[in-house]
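Worksheet for the structure shown next.
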Amino acid sequence: MPGEKLPLSFFSDYDTRTLAQKLLGCELVHESPDGLTSGMIVETEAYLQDDPACHAFNRRTTRTEPMYGIAGTVYVYLIYGMYQCFNIVSNAEGTGEAVLIRALQPTAGIELMEMRRLVRPGKAPGMSPTGKVTLKELCRGPGKLVQAMGIERDKHNATLLSGDTLYLRSPVAAPQAITSGPRVGINVGRELPYRYYIKDNIFVSKG
DNA sequence: GTACGGATAGTCT
DNA sequence: GACTATCCGTACC
């Protein structure tokens, strides 16, 4: 049913690359103490066990442990020492694969997202005269969407996406054309076309 | 509109 | 001690 909370089984129904495409058009919802925010997933990247760009490519460590959990586990990692990236673990338990969520099209809680994304006053790309970033820039990038959605590190290794404060809803309408290409910002494995996004959607981080 | 330098910290070798 | 890869702010066109 369109718009329904997705059961945990959804995440184990597909292999990682298929899941990365199935997630496009789904709505990520966070019911935080500050209020509800949500956005439609418009851009994802798949990270596979045999893929050198995958955090779980090398041996199993404490940091990547959640990646080996059941499909639907949340994996949040720190990048550049300043930003977080939000991933949904995929494939069978014991396999270290995940889908990185790279961009959202905001659907609810816009004002709250703007508050969370406030940067210091001044001129910057995508910033309106009022000091708020534009709608287009709110969730256009993995670090930005984590900030806008208010996803904290306590969500790391959360066991469920359904029935909790952070969950997904099935697409209201099937996404239009899906395009794939090289993943963003990585060196190793850059030749693998594991990035998927909704064609011509302006909320995608890179066309 | 594009280009690039700086900030930053956890993880593993 | 090496390695990692995003956002912001300034510069410039």
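The basis for the numbers below is simple: all heavy atoms, side chains too, and nothing from hydrogens, waters or symmetry mates. Note on naming: letters A, B, ... go to the chains in the order of the sequence lines (proteins, then strands), and numbering restarts at 1 for each one.
Rounded to whole Å, atom C1' of C:dT4 lies 15 Å from atom CG of A:Asp51. Rounded to a whole Å, the CD atom of A:Gln84 is 15 Å from the C1' atom of C:dT4. Taking atom CZ on A:Arg117 and atom C1' on C:dC7, their separation rounds to 8 Å, with Å as the unit. Summarising the geometry, the separation between CD on A:Glu45 and P on C:dA5 is reported as 11 Å, rounded to the nearest angstrom. One interatomic measurement links the two molecules: CD1 of A:Ile202 to P of B:dG1, which rounds to 11 Å at whole-angstrom precision. For the pair A:Arg140 CZ and C:dC7 P, the interatomic distance rounds to 10 Å; values are reported in whole Å. Nucleotide C:dT6 holds its P atom 17 Å from the CD1 atom of A:Ile151, rounded to whole Å. When the C1' atom of C:dA5 is taken as reference, atom NZ of A:Lys206 falls 10 Å away, rounded to whole Å.
Listed by chain and residue number, A:His30, A:Val74, A:Ile151, A:Thr165, A:Leu166 satisfy the side-chain contact (heavy atoms from CB on, under 4.5 Å) test with A:Lys155 (two or more places apart in sequence, or in another chain). The salt bridge (charged side-chain N to carboxylate O under 4.0 Å, His left out) test applied to A:Arg17 returns no partner, not counting sequence neighbours. Under the rule for a side-chain contact (heavy atoms from CB on, under 4.5 Å), the partners of A:Leu192 that lie at least two apart in sequence or sit in another chain are A:Asp51, A:Arg183, A:Tyr194. With sequence neighbours excluded, the residues satisfying salt bridge (charged side-chain N to carboxylate O under 4.0 Å, His left out) with A:Arg140 are A:Glu137. Taking the side-chain contact (heavy atoms from CB on, under 4.5 Å) definition, one finds that A:Ala108 meets it with A:Leu36, A:Ser38, sequence neighbours left out. In this view, A:Glu111 and A:Glu114 satisfy the side-chain contact (heavy atoms from CB on, under 4.5 Å) rule, not counting sequence neighbours. For A:Glu97, the salt bridge (charged side-chain N to carboxylate O under 4.0 Å, His left out) test picks out no residue, with sequence neighbours left out.
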Taking Watson-Crick and G-U wobble pairs with both distances under 3.5 Å, convert DNA chain C into its dot-bracket string, 5' to 3', dots for unpaired and | for cross-strand pairs. ||||.|||||||.
Heavy-atom contacts, protein to nucleotides 8-13 of chain B, under 4.0 Å, summarised as B (base), S (sugar-phosphate only) or - (none) per nt, yield BSSSSS
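When atom types are taken as modelled, the side chain of A:Gln84 and the backbone of A:Gly143 share no donor-acceptor pair closer than 3.5 angstrom.
For the residue pair A:Ser12 / A:Ser9, no side-chain donor-acceptor distance below 3.5 Å is found, with atom types taken as modelled.
Among the nucleotides C:dT6, C:dC8, C:dA5, the one closest to any side-chain atom of A:Pro142 is C:dT6.
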